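Worksheet for the structure shown next.
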Amino acid sequence: MPDVKTPDLNIHLYDTMQRQKVRFEPSTPGHVGMYLCGPTVYSDAHLGHAKKEVAFDVIRRTFLHFGYKVRYVANITDVGHLQNDSDDGEDKMLARARLEQLEPMEVADKYFWSFFKDMDALNVLRPSINPRATGHIQEQIKLIEELIEKGHAYESNGSVYFDVRSWPEYGKLSGRKLDDQEEGTREAVREEKRDPRDFALWKNAEPEHIMRWDSPWGVGFPGWHIECSAMSLKYLGEGFDIHGGGLDLQFPHHEAEIAQAEAAGHHFARYWMHNNMLTIGGEKMSKSKGNFTTIQDILQRYDPMVVRFLLVSSHYRSVTEMNDEAFASAANGYRRLVDTLAEIERRLNDAPAGADAALDAKIAARVQEFEDAMRDDFNTPKAVAALYGLTTEMNTALNAGAVGRETLEQARNAYRTLGGDVLGLFAGNGQAATQDDAPVVDRLMEIVLKARQNYRLQKQYAEADELRDTLGAVGITVEDTKDGARWKR
Ligand SMILES: Nc1ncnc2c1ncn2[C@@H]1O[C@H](COP(=O)(O)OP(=O)(O)OP(=O)(O)O)[C@@H](O)[C@H]1O
Ligand SMILES: [Zn+2]
């Protein structure tokens with residue numbers, strides 16, 4: 001018999017569209033189709049991106065835990081996302097390509113791989129499907145044609161705009177009334193539009209715009225929003241289950257996605273989920289504000305599992321404020337869990353046979369507490385509190401003397417399943433969990449890398465390589481970049 005678990009039917013989630021917690025009912029029993037708006041790949045990912053990716057990864061893992069099959073589609077934006085998120089301005093990819101003197105597709109690939117390297121480190125499961133906007137131009141053109149045919153879009157000067165006045169529901173997700181919406185675009189673009197709030201589905205390419213494709217309206221490129229409507233429907237089908245993204249994408253991006261899909265006659269996402277922001281000094285961390293810390297930089301200082309622990313310690317719909325104290329307390333909290341788990345595993349080597357019924361009941365109650373928290377809109381802080389509770393109880397029992405093998409196994413399974421499989425916290429060995437020594441190691445590494453650089457300058461490459469290999473053996477990788485050597489552990 002295959003190991004088939006009956007899906008749990010008691011999961012509640014907060015649906016942004018309905019503005020309340022509702023019971024999740026899948027469109028196909030036992031299956032969940034999820035779409036997540038992914039990154040625009042023009043620079044390295046920062047901790048704000050990590051918050052979003054980890055939030056939805058935990059949601060996906062929770063559905064898996066509760067017996068669902070999940071198809072998880074997360075896109076990569078590699079065209080059409082213009083600066084200021086508006087209908088004019090330079091394409092973010094092109095601006096970066098110019099800066100780095102690369103082909104736009106080189107920029108996309110460079111940051112695509114860097115994104116996945118970071119996500120792998122944070123133990124974020126890879127998407128089931130990872131479609132790229134430039135690979136789906138035909139699908140986007142087809143959807144635009146449907147919209148023109150139905151009278152919800154019009155061509156103007158080689159560009160195509162969505163006619164917001166033709167779609168009274170525009171604004172239903174964010175609750176914005178059409179009249180309250182800003183008219184952000186510059187004069188020349190505004191002249192092309194019937195209403196300044198119309199948004200671009202397709203843009204006519206100026207001669208110098210090198211990312212360009214043929215279309216029924218001439219040579220151009222897709223608007224930013226259309227890719228997500230086209231690709232989610234393609235891979236998840238009509239009326240798919242969950243659409244996710246950051247709260248800041250509700251308007252205009254998600255509002256536009258809904259209008260594009262529904263005005264063309266499609267059934268779109270049935271639930272909308274949004275993560276809140278990671279902030280620094282109370283302000284959203286963002287690339288354009290420049291107040292960001294890249295994931296690569298933070299991983300120089302902290303074990304990726306500590307970073308992940310920090311992120312799951314606050315709810316996905318709450319703000320996560322990032323500062324040194326938050327990391328220090330995450331490192332300590334995480335250490336408590338892994339130390340106890342390590343002790344349980346050590347004791348299992350020579351534990352006496354048998355079980356401790358009272359402790360078994362406590363473990364079962366903590367498992368229940370954890371699962372109830374996750375069923376209630378993926379309440380990770382409460383779930384973490386259940387793990388802390390378990391940890392206190394286990395430490396008391398372990399300090400008091402021998403614990404029976406069956407009970408130790410139960411406890412280990414609880415940590416591995418809930419902390420490991422659901423929260424994704426036990427990739428790697430967690431050994432570098434508390435890096436109170438980070439400043440000292442930083443300084444030491446500066447000295448070591450300088451020594452290695454001296455070897456290289458004197459063409460003593462064998463010695464330089466040996467130094468790098470020795471560092472590798474203790475878990476420190478050194479990478480040579482054009483800006484000098486970088487390291488991480
Ligand atoms: N600080 C943050 N906290 C949580 N999620 C974020 C944060 N910053 C970005 N995201 C999410 O990551 C996704 C991609 O965001 P995007 O590439 O626009 O990042 P950004 O730093 O806001 O860039 P920009 O400042 O150029 O708009 C979006 O879903 C967005 O909501
Ligand atoms: Zn999107």
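Both backbone and side-chain heavy atoms feed into the values below; hydrogens, waters and symmetry mates do not. Both counts, for ligands and for their atoms, begin at 1 and track the order of listing. These numbers come from a predicted model, not from an experiment.
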Shortest reach to atom 22 (O) of ligand 1 by a heavy atom, considering only Lys284, Met322, Lys51, Lys287: Lys284
Below 2.8 Å, any N, O or S contact between Cys37 and the Zn ion (ligand 2)? yes
Judged by non-hydrogen atoms, does Tyr316 sit under 4.0 Å from ligand 1? no
Could you tell me, atom by atom, which parts of ligand 1 come under 4.0 Å of a heavy atom of Gly246? 29 (O), 31 (O)
Counting heavy atoms only, which part of Tyr42 comes closer than 4.0 Å to ligand 1: side chain, backbone, both or neither? side chain
Quiz item: cation-pi between Arg176 and Phe251, 6.0 Å / 45°: yes
Could you go through the salt bridge (charged side-chain N to carboxylate O under 4.0 Å, His left out) check for Asp372 and Lys382 one step at a time? CA-CA 9 Å; Asp372 285 347; Lys382 276 198 177 162; over 6 Å; no
Between Tyr388 and Phe309, how do the two ring planes meet: parallel, tilted or perpendicular, split at 30° and 60°? perpendicular
Is the shortest N/O to N/O distance between Leu249 and ligand 1 below 3.5 Å? no
Between Ser128 and Val73 (side chain of the first, backbone of the second, donor and acceptor by atom type, cut-off under 3.5 Å), is there such a pair? no
Any N or O of Pro39 that comes nearer than 3.5 Å to an N or O of ligand 1? no
Taking the basic N atoms (NZ, or NE/NH1/NH2) and the acidic carboxylate oxygens, is any pair closer than 4.0 Å for Lys21 and Asp377? no
Within ligand 1, which atoms have a heavy atom of Gly48 less than 4.0 Å away? 1 (N), 2 (C), 3 (N), 4 (C), 5 (N), 6 (C), 7 (C)
Is Glu257 close enough to the Zn ion (ligand 2) that one of its N, O or S atoms comes in under 2.8 Å? yes
Measure up the Tyr154 and Tyr161 rings against each other and bin them: parallel (under 30°), tilted (30 to 60°), perpendicular (over 60°). tilted
Would you call Arg126-Asp120 a salt bridge at under 4.0 Å N-O? yes
Numbering as shown, the atoms of ligand 1 that approach Asn275 to under 4.0 Å (heavy-atom distance): 4 (C), 5 (N)
Any N or O of Asn276 closer than 3.5 Å to N or O of ligand 1: no
A student checking ligand 1 against Lys92 at a 4.0 Å heavy-atom cut-off should list atoms 24 (P), 26 (O), 27 (O)
Examine His254 and say whether one of its N/O/S atoms is closer to the Zn ion (ligand 2) than 2.8 Å. no
Between Glu100 and Arg96, is there a side-chain N and carboxylate O pair less than 4.0 Å apart? yes
Polar-atom distance check: Lys289 versus ligand 1, any N or O pair below 3.5 Å? no
Inspect the contact between Lys110 and Glu106 and indicate whether a charged nitrogen and a carboxylate oxygen are less than 4.0 angstrom apart. no
Please check if the distance between the ring centroids of Phe240 and Phe268 is under 6.0 Å. yes
NZ or CZ of Arg132 within 45° of Phe112 ring axis and under 6.0 Å: yes
For ligand 1, is there an N or O atom under 3.5 Å from any N or O atom of Leu247? no
Identity of the nearest option to atom 1 (N) of ligand 1, non-hydrogen atoms only, from Lys52, Met285, His46: Met285
In His253, which N, O or S atom comes closest to the Zn ion (ligand 2)? NE2
